[in-house]
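Here's the structure, in structure tokens; my notes come after.
Residues take their numbers from the sequence shown, with the count starting at 1. Only a predicted model underlies this, so the values are computations on that prediction, with no experimental measurement involved.
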Amino acid sequence: MIGCGGLFGVLMKSAGTTELNAFYPIRPECQADVPAPRFKPRVSFCFSTNAFLAGKTLSQRRWLASFSADGHLDIAKVLRRIQRGGVHPSIKGEVWEFLLGCYDPNSTLEERNELKQRRRGQYDMWKAECQRMVPVIGSGKFITTPLIDDDGQIIDPSLVTVQTSDKKVLQWLQLLHQIGLDVVRTDRALVFYESEVNQAKLWDVLSVYAWLDNDIGYVQGMNDICSPIIILIENEADCYWCFDRAMRRMRENFRCSASSMGVQSQLATLSQIIKTVDPKLHHHLEDLDGGEYLFAFRMLMVLFRREFSFADTLYLWELMWGMEYNPNIFINYEDPDSKTRGPSPANDKVLKQYGKFERKNVKTGYTEEHSALAVFLVASVLEIKNRRILNEAKGVDDVVKILGDITSNLDAKKACTEALKIQKKYLSKTKK
């Protein structure tokens, strides 16, 4: 016989698993190969009403209650809940738009609706521009074959309706089939991407982004960042703007040159962090020719997409973005040249509008450009595997194998908690 406590646990686990399966269904033939998510929406059960209520997780009820009558969002309250237990799947998309800086929590509902309509019109204009060059864009289909040959000549005139003498156009056309190939490989286990229309939506957003980003364009891995946004947000234009904001945080990771990738700046910071908080481990890695920490390249590049299940990745990202949240993010994105930077962290009330990680940086005045929470998260993984690396690793390949064991076995909440501890330790030591 199951007691009340046992029944409560069974109900919680069952409800969480059922919800995730409903929101991110796995294709039947892929079930055996996909790790079960560790994240479950934390719910509590009210026996008097026979209803599940939100526990630690930010629920739709708590989310709606965080807005004032005219639409101002109590971001401090929301951040506390997210940092405790993540966001319920039913509202992830709209919560992410705030976490990533699409909207100002201090705006009204009317102001946000006006901004949303303006942005949708802007995206439609950009997409139409792309569509005039490549009509497949916006058709519900996408391309996986090259559009131009090595000499820059159009292979199939029915697919391209623009002259290819312009360097920007040429570079963009070269990217489109690579985007298509990556789209086919993206989250293939999910039922969502059985639909060509949904795949085309991902292709469209990435193609428009590549056209507008003259400097970086598209780099493999951006598809992994964009995919969850496509799944969570229904309107394509809204997806684009949310992805644009996500890329503003991560864009430099994808910058390529003949000799380096942008993520190497974060790897250098990671090296400095481990050297400071765990000199023994750092020296051991140096002895193994791993002092450049290239084994952590993928973790930082696509924010642990390969180390977590799909549901756990979403949970990890919102924990990270909640902990890194800065209330000035919206104004900084909207008007980078503005001298107004939003609320100044002059008092405890304002400081509560910052995430735990960013609050610590603000209090200590730490401004290292490449010290995102993700870097401390990798440091926490290395610390978790410290003993095995010191005792078992005889070369960099061994380090890679040891770190590979974390796939589907890493608890996102614990990893973030450890990352905050390492940040505190690092800031303490560097201050001295």
> Taking it one step at a time, do Phe243 and Met247 satisfy side-chain contact (heavy atoms from CB on, under 4.5 Å)?
Replying inline: CA-CA 6 Å; Phe243 175 63; Met247 287 305 301; 3.4 Å; yes
>> So for atom NZ, which belongs to Lys168, do other residues, nucleotides or ligands contribute more than 12 heavy atoms lying within a distance under 6.0 Å?
In response: yes
> Do we see a donor-acceptor contact under 3.5 Å between the side chains of Trp241 and Gln122?
Replying inline: no
>> When you compare the side chains of Asn326 and Gln353, does any donor N or O come within less than 3.5 Å of an acceptor on the partner?
In response: no
> With Asn386, which of Ile389, Leu382, Leu390 fulfils side chain to side chain contact (heavy atoms under 4.5 Å, CB included)?
Replying inline: Leu390
> Is any side-chain N of the basic residue among Lys127 and Glu236 closer than 4.0 Å to the acidic one's carboxylate O?
Replying inline: yes
>> Within the structure provided, determine whether Leu202 and Ile179 are in side-chain contact (heavy-atom separation under 4.5 Å).
In response: no
>> So that I can tick it off, tell me whether Asp74 and Arg62 are bridged by a salt bridge, with the cut-off set at under 4.0 angstrom between side-chain N and carboxylate O.
In response: no
> How long is the gap from OH on Tyr240 to CG on Asp124, to the nearest 0.5 Å?
Replying inline: 12.5 Å
> Are the aromatic ring centres of Tyr325 and Phe357 under 6.0 angstrom apart?
Replying inline: no
> Taking atom NZ of Lys413 as the centre, does the number of heavy atoms from other residues, nucleotides or ligands within less than 6.0 Å exceed 12?
Replying inline: yes
> Would you say the side chains of Ser309 and Asp312 form a donor-acceptor pair under 3.5 Å?
Replying inline: yes
>> With a 4.0 Å cut-off on N to O distance, would you call Glu94 and Arg112 a salt bridge?
In response: no
>> Between Asp187 and Arg305, does the salt bridge (charged side-chain N to carboxylate O under 4.0 Å, His left out) criterion hold? Intermediate values first, please.
In response: CA-CA 10 Å; Asp187 293 320; Arg305 275 301 312 262; 2.4 Å; yes
>> Centre-to-centre under 6.0 Å for Phe330 and Tyr103, is that the case here?
In response: no
> Out of curiosity, Leu181 CG to Asn223 CG, how far, rounded to the nearest 0.5 Å?
Replying inline: 10.5 Å
>> Are there over 12 heavy-atom neighbours, none belonging to Glu234, within less than 6.0 Å of that residue's CD?
In response: no
> Minimum heavy-atom separation for Lys414 to Asp411, with atom names?
Replying inline: N-OD1, 3.0 Å
> With a distance cut-off below 6.0 Å to the six-membered ring centre and an angular limit of 45° from the axis, does Lys92 pair with Trp317 as a cation-pi contact?
Replying inline: no
>> Tell me whether Arg248 forms a cation-pi arrangement with Tyr333, defined as NZ or CZ under 6.0 Å from the six-membered ring centre and within 45 degrees of its axis.
In response: yes
>> Nearest 0.5 angstrom please: Leu281 CG to Lys385 NZ, how far?
In response: 13.0 Å
> Which heavy atom in Ile273 sits nearest to a heavy atom in Val375, and how many Å separate them?
Replying inline: CD1-CG1, 3.7 Å
> Given Asp398 and Lys401, is the salt bridge (charged side-chain N to carboxylate O under 4.0 Å, His left out) satisfied, shown in steps?
Replying inline: CA-CA 5 Å; Asp398 293 330; Lys401 184 176 183 301; over 6 Å; no
>> Check this for me: does any side-chain nitrogen of one of Asp215 and Arg251 sit under 4.0 Å from a carboxylate oxygen of the other?
In response: yes
> Can a donor-acceptor pair be found between the side chains of Gln178 and Tyr218 at a distance below 3.5 Å?
Replying inline: no
> If you count the non-hydrogen atoms of other residues, nucleotides and ligands that lie under 6.0 Å from NZ in Lys275, is the total more than 12?
Replying inline: no
>> For the residue pair Thr108 / Asp70, report whether a side-chain donor-acceptor contact shorter than 3.5 Å exists.
In response: no
> Centres of the Trp321 and Trp96 rings: under 6.0 Å?
Replying inline: yes
> Given Gln423 and Asn361, is the side chain to side chain donor-acceptor pair (under 3.5 Å) satisfied, shown in steps?
Replying inline: CA-CA 9 Å; Gln423 179 205 25; Asn361 288 335; 3.1 Å; yes
> Which atom pair, heavy atoms only, marks the closest approach of Tyr193 to Asn198?
Replying inline: CE2-O, 3.8 Å
> For Glu324 and Lys356, what are the C-alpha separation, side-chain angles and deciding distance, and is it a salt bridge (charged side-chain N to carboxylate O under 4.0 Å, His left out)?
Replying inline: CA-CA 7 Å; Glu324 290 180 312; Lys356 291 179 181 179; over 6 Å; no
> Taking the six-membered ring for Trp, are the ring centroids of Phe295 and Tyr293 within less than 6.0 Å of each other?
Replying inline: yes
> Taking 4.0 angstrom as the limit, do Glu110 and Lys116 come out as a salt bridge?
Replying inline: no
> Going through the distances and angles, do Arg245 and Glu334 end up as a salt bridge (charged side-chain N to carboxylate O under 4.0 Å, His left out)?
Replying inline: CA-CA 10 Å; Arg245 285 344 190 215; Glu334 287 294 296; 2.5 Å; yes
>> I'd like to know if Glu383 pairs up with Lys421 as an ion pair, taking the criterion as any Lys NZ or Arg NE/NH1/NH2 lying under 4.0 Å from an Asp or Glu carboxylate oxygen.
In response: no
